[in-house]
2 protein chains.
Amino acid sequence: MNDRIAATPPATLAELLRRGNVFAEQCPSREVLKHVTSRWGVLLLVALLAGTQRFSDLRRKVGGISEKMLAQTLQWLEADGFVARIAHPVVPPHVEYSLTPLGIEVAGKVEVLADWIEFNLPAIMAARAARESGPD
Amino acid sequence: MNDRIAATPPATLAELLRRGNVFAEQCPSREVLKHVTSRWGVLLLVALLAGTQRFSDLRRKVGGISEKMLAQTLQWLEADGFVARIAHPVVPPHVEYSLTPLGIEVAGKVEVLADWIEFNLPAIMAARAARESGPD
DNA sequence: GTAAGTACGCACGGAAAGGTAAGTGCCGAA
DNA sequence: TTCGGCACTTACCTTTCCGTGCGTACTTAC
């Protein structure tokens, strides 16, 4: 039983290559995963679920992020096709960021994870405390 | 509409503190999130969904991970209460790692995310290619 | 006239992540 | 008898992350 990963069942090899396997180094899915699960990637995706926002809106909303990392992370996510960037060529720059359909999907998954952690924080902290005080 | 984050609705402040808010620096949920979404944390959690495994089993399964990072990441996850470590005091060391009930839950969420990325890799790569060749 | 805001890019530097190699103590296999 | 495996730990060093500060081109506000 339970060798779900080891035995990734007969799926035509071609299927395996097409689909991507996170357990294999070299697989581009590792890259995408890195962007999505990066410190600021998670926060930005969830923040963008609230709808289209401007650069400095995001900067204020996320709190703690530097302009450099905001720009860089947005570029990663844009390159992966998760974020759409619309620049209005006006005099004080005006750029709007939003999630693409693909981005809405990942952001959803990420939000579920983040929400779970937030909600279960008490239980996690309790487990940690129990370990520190007396695991016997 | 959609100011879901900005307006985290009236939840008694105490509730807010208890539950944790990823958008706030200083919140311990950031720490947990860091462990769970770390490069190897993701892989290990998903790998452990396959059941109890030994140190070197995990080392081989994940592939690319060094012993140092394997040990360290397992310690993080253990401290957060996601992984249970059982050491049999036998002559050649025998240690088994498995997910706790809490761990099974997070790992589930993480797996959903990883699976989504693997499955949608083609679409992501396509989006990337489109951007490179001719975004027009 | 000066300050502030907008959306970045660039360069510097410290901190952290993470790989490599070696050591540990004991055993079974070649 | 030397080698390799188990489950780590430690030291060292490279790579990457990421914050800080400065510059931009222009406008509105004071």
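In what follows, every chain begins at residue 1, and chains take the letters A, B, ... in the order their sequences are listed.
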Please answer whether the main-chain N or O of A:Gly81 pairs with a side-chain N or O of A:Thr100 as donor and acceptor at a distance below 3.5 Å. yes
Integer-rounded Å distance: D:dC6 P and B:Leu70 CG: 12 Å
What is the distance from CD of A:Glu67 to P of D:dC18, rounded to the nearest Å? 17 Å
Base, sugar-phosphate, or nothing: which does A:Arg85 touch, judged by heavy atoms less than 4.0 Å apart? sugar-phosphate
Heavy-atom pair of closest approach, residues B:Phe55 and B:Leu70: O-CD2, 3.4 Å
Specify the residue among A:Gln72 and B:Lys68 whose closest nucleotide of DNA chain D lies further upstream toward the 5′ end. B:Lys68
d(NE2, B:His94; P, C:dC27) in whole Å: 17 Å
Ignoring backbone atoms, test whether B:Trp76 places a side-chain nitrogen or oxygen under 4.0 Å from the OP1 or OP2 oxygen of C:dA17. no
Whole-Å gap separating P (D:dT15) and NZ (A:Lys34): 14 Å
Side-chain atoms of B:Pro93 come closest, of C:dG18, D:dT9, D:dA7, to D:dA7
Does OP1 or OP2 of C:dA16 have a side-chain N or O of B:Arg39 closer than 4.0 Å? no
For B:His88 and B:His94, take the angle between the two ring planes, folded into 0 to 90°, and tell me which bin it lands in: parallel under 30, tilted 30 to 60, perpendicular over 60. perpendicular
What is the separation between atom NE2 on A:His88 and atom P on C:dC8, rounded to the nearest whole Å? 12 Å
Does a side-chain heavy-atom distance below 4.5 Å link A:Arg54 with A:Tyr97? no
Quick one: which of D:dC6, D:dC8, D:dT20 gets closest to the side chain of B:Arg54? D:dC6
Rounded to the Å, how far apart are B:Ile65 CD1 and C:dA17 P? 14 Å
Side-chain atoms of B:Ser56 come closest, of D:dG19, C:dG19, D:dC6, to D:dC6
Rounded to the nearest Å, what distance is computed from the CZ atom of residue B:Arg59 to the C1' atom of nucleotide D:dG4? 14 Å
Touch check for A:Glu96, heavy atoms < 4.0 angstrom, all strands: base, sugar-phosphate only, or nothing? nothing
Kindly point out which of C:dT20, D:dC8, D:dG19 is positioned nearest to the side chain of B:Ser66? C:dT20
Of A:Arg60, A:Lys61, A:Arg59, which is the lone residue that meets side-chain hydrogen bond (donor to acceptor under 3.5 Å, both in side chains) with A:Gln53? A:Lys61
Separation of D:dA7 atom C1' from B:Phe55 atom CZ, nearest Å, is 6 Å
Indicate whether OP1 or OP2 belonging to C:dA7 is found under 4.0 Å from a side-chain N or O atom of A:Arg60. no
Find which nucleotide of DNA chain D each of A:Pro92 and B:Ala71 is nearest to by heavy atoms, and output the residue with the more 5' nucleotide. B:Ala71
Considering only D:dG19, D:dA11, C:dT6, which nucleotide approaches the side chain of A:Met69 most closely? D:dG19
